[in-house]
Each structure stands twice: as structure tokens, then as C-alpha cells.
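This report concerns only the one structure given below.
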Amino acid sequence: ELIRDHMTVNTVARLYGATEDYHASRLSRACIEFIMTNLRQLAGNTVFEEEMKSYPHLCMPVLKAAANLIPDGPALKKQRTDHHGTPSGIGASPVPDS
């Protein structure tokens, strides 16, 4: 809990890397939670990126945690529309009439 209070976007990757060196599973979970909460800020953070280069294998647990944020179920596809806003291709054949 105390370390979480001092975790920042500039320190989380180093702390996360240390979790492997010291087998600190609770700290690892706290780091992943922090990363998920601050994903947008970390995505463009060069300090985070450089630190994570030293621990590329630790990206998999982060990726799995990010995947868990995506709701299950079929992906909804946007239907294509023509320039008038009506769905295109409905009732229309791709083969021209002869």
C-alpha cells in the first residue's frame, strides 16, 4: 500500500521489473493495476518504454490484464453507408445488370 502511494508513470516500470528479481507477487499485481489505471499516460511515456525494454517478457501479463478490460462477446462491426447515410450494398448486386 505504501509503495502504491509512491508509484508514478515514471517509476512503475522499474518497480515492475524488480518484482521479478525479488519474487514480489503482490507488488507485481499492484504494478499491473497501476499500469491498467494509467494506460493512456504510459502508452506515450518514453521512460516507461525504455524501462520495459529490459523486461520484455513482463509485457505478457500486462497484455493479458488489458485483454481482460475488453468485454466478451462478438465484436460489433459498423455497417458501411453511402454518402447519403443509407446502408450500402443492401439489395444491390456487385454484378452489374446486363
Side-chain angles (χ1 to χ4, degrees):
E1 192 66 33
L2 182 62
I3 288 181
R4 260 188 240 185
D5 293 337
H6 297 290
M7 213 176 276
T8 69
V9 294
N10 290 322
T11 62
V12 68
R14 184 168 293 190
L15 287 169
Y16 186 41
T19 65
E20 182 176 77
D21 298 337
Y22 297 102
H23 308 287
S25 59
R26 282 182 22 202
L27 179 57
S28 177
R29 285 191 302 272
C31 288
I32 290 173
E33 287 175 19
F34 182 90
I35 291 168
M36 292 301 99
T37 302
N38 298 283
L39 200 53
R40 290 192 190 276
Q41 293 89 346
L42 290 166
N45 185 291
T46 55
V47 174
F48 180 78
E49 183 180 339
E50 289 301 315
E51 286 288 335
M52 287 305 291
K53 284 180 182 178
S54 301
Y55 302 95
H57 55 285
L58 291 180
C59 290
M60 229 26 230
V62 172
L63 183 59
K64 287 178 183 178
N68 288 335
L69 296 176
I70 300 170
D72 288 337
L76 297 175
K77 290 185 178 181
K78 281 189 165 182
Q79 189 175 27
R80 291 184 184 205
T81 59
D82 63 16
H83 63 278
H84 297 294
T86 55
S88 62
I90 296 181
S93 170
V95 179
D97 293 333
S98 43

Task: Hydrophobic cluster membership, Val12 vs Leu58, 4.5 Å side-chain cutoff - done: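 Yes, because Val12 and Leu58 connect within a single hydrophobic cluster, where side-chain heavy atoms sit under 4.5 Å apart.
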
- [ ] Output the rest of the hydrophobic cluster of Tyr22: all Ile, Leu, Val, Met, Phe, Trp and Tyr residues reachable through side-chain heavy-atom contacts under 4.5 Å, sorted by chain and number.
- [x]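 Listed partners: none, Tyr22 stands alone.
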
Distance-only criterion, 3.5 Å: show the donor-acceptor pairs between side-chain atoms of residues 27-43 and protein atoms not counting sequence neighbours.
| unit_1 | atom_1 | unit_2 | atom_2 | d |
| --- | --- | --- | --- | --- |
| Thr37 | OG1 | Glu33 | O | 2.9 |
| Asn38 | ND2 | Phe34 | O | 2.8 |

Open item on the list: With rounding to the nearest 0.5 angstrom, report the CD to CZ distance, Glu50 to Arg14.
Closed with: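 Going from CD on Glu50 over to CZ on Arg14, the span is 11.5 Å.
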
Open item on the list: Run the salt bridge (Lys or Arg N to Asp or Glu O under 4.0 Å) test against Lys64 and tell me which residues pass, sequence neighbours left out.
Closed with: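 If we apply the salt bridge (Lys or Arg N to Asp or Glu O under 4.0 Å) test to Lys64, skipping adjacent residues, there are no hits.
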
Task: Closest contact, heavy atoms only, Tyr16 versus Val62 - done: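 So the two residues come closest at CE2-CG2, 3.8 Å.
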
Open item on the list: Testing the basics here: between Leu15 and Met7, what is the closest heavy-atom pair and its distance to 0.1 Å?
Closed with: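 Shortest heavy-atom contact: CD1-CG, 3.8 Å.
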
TODO: Would you please test Asp21 and Tyr55 for side-chain contact (heavy atoms from CB on, under 4.5 Å) and show each step?
DONE: CA-CA 11 Å; Asp21 298 337; Tyr55 302 95; 3.6 Å; yes

